[in-house]
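Note sheet for the following structure.
Letters A, B, ... mirror the listed sequences (proteins, then strands); counts begin at 1. Not measured: the values here are computed from a predicted model.
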Amino acid sequence: MTKKYWLMKTEPDTFSIDDLSSRPNKTECWDGVRNYQARNFMRDDMKKGDLVLLYHSSCKVPGIAGIAQVVKESYPDHTSWDHKSAYYDPKSTEETPRWFMVDIKFKKKLKTYLPLTKLKEIPQLKDMILLKKGSRLSIQPVTQEEFEFITQELS
DNA sequence: GCCAACGTTGGC
DNA sequence: GCCAACGTTGGC
């Protein structure tokens with residue numbers, strides 16, 4: 001199986017690339033995803049070793065901040081049956097979990113942060129899901145060409 | 001804070 | 001299965 005590439009959104013006020021890099025083992029479980037399409041990508045398609053662009057959303061300058069790697073493949077998101085969690089979903093139980101997560105590990109920050117405004121100007125990136133009008137998908141596939149262009153040419 | 005676009009829910 | 005109403009995302 002060849003390596004795949006992804007983009008995952010996070011709100012830096014809640015959890016930023018620096019938070020990831022300062023975690024013990026630089027690893028974090030990606031809990032709280034409550035969208036079926038994003039869940040399916042994590043549950044079915046994300047494999048250990050896949051590379052991830054970390055995107056900062058809902059902030060002053062949205063954009064791509066760094067690179068992470070999938071280190072643990074999908075397993076049930078326990079926050080979904082935790083009554084005290086903000087991510088609690090009564091339809092998800094330990095016996096029949098509805099939501100899943102993966103673990104990712106910090107790889108590096110981009111040398112230069114890539115703001116959304118800049119990404120929009122790059123012809124090679126015009127087909128990125130991120131840049132499609134109305135796209136809100138928080139976990140999305142990225143092509144190898146897009147990934148390499150972003151990490152090698154732009155940063 | 002606004003609002004367009006999208007996703008989900010639930011009555012029928 | 002349709003679709004109106006509501007909730008959420010996320011750029012601006």
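- Annotation for A:Y87: hydrophobic cluster partners, listed by chain and number, are none (ILVMFWY side-chain heavy atoms under 4.5 Å, direct or chained).
- Here salt bridge (charged side-chain N to carboxylate O under 4.0 Å, His left out) pairs that include residues 2-20 of chain A, with residues two or more places apart or in two chains, are A:K4-A:D50, A:D18-A:K109.
- Annotation for A:F100: hydrophobic cluster partners, listed by chain and number, are none (ILVMFWY side-chain heavy atoms under 4.5 Å, direct or chained).
- Under 3.5 Å, the side chains of A:D89 and A:W99 contain a donor-acceptor pair of N or O atoms.
- Note: A:F41 and A:W6 meet the aromatic proximity criterion, with ring centroids under 6.0 Å apart.
- Contacts between residues 112-132 of chain A and DNA chain C, defined by a heavy-atom separation below 4.0 Å, involve A:L116, A:K120, listed by number.
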Listed pairs, N/O of protein and of nucleotides 1-4 of chain C, under 3.5 Å:
none

List the steps and the verdict of side-chain hydrogen bond (donor to acceptor under 3.5 Å, both in side chains) for A:Y36 and A:R98. CA-CA 9 Å; A:Y36 289 105; A:R98 169 171 298 213; 2.8 Å; yes
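- Sorted pairs that involve residues 116-144 of chain A and meet salt bridge (charged side-chain N to carboxylate O under 4.0 Å, His left out), not counting sequence neighbours, are lacking altogether.
- Sorted by first and then second residue, the side chain to side chain donor-acceptor pair (under 3.5 Å) pairs with a member in residues 60-73 of chain A form an empty list; sequence neighbours excluded.
- Residue pairs meeting the salt bridge (charged side-chain N to carboxylate O under 4.0 Å, His left out) criterion with at least one member in residues 142-155 of chain A, sequence neighbours excluded, do not occur.
- Under the 3.5 Å distance criterion, the side-chain polar atoms of A:T27 are matched with a main-chain donor or acceptor of A:N25.
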So if I define the base as every atom that isn't primed, P, OP1 or OP2, how would nucleotides 6-11 of chain B read as a B/S/- string at a heavy-atom cutoff under 4.0 Å? BSSS--
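- The other members of the hydrophobic cluster of A:I150, by chain and number, are A:Y5, A:L7, A:L51, A:L53, A:Y55, A:I64, A:I67, A:L110, A:L114, A:L116, A:L119, A:I122, A:L125, A:M128, A:L130, A:L131, A:V142, A:F147, A:F149, A:L154 (side-chain heavy atoms under 4.5 Å, ILVMFWY only).
- Taking the screw axis at each terminus of the helix from B:dG1-C:dC12 to B:dC12-C:dG1 from five consecutive base pairs, the angle between the two is 10° to within rounding of 10 degrees.
- For residues 22-35 of chain A, the pairs satisfying salt bridge (charged side-chain N to carboxylate O under 4.0 Å, His left out) are A:R23-A:E28, A:R34-A:D77, with sequence neighbours left out.
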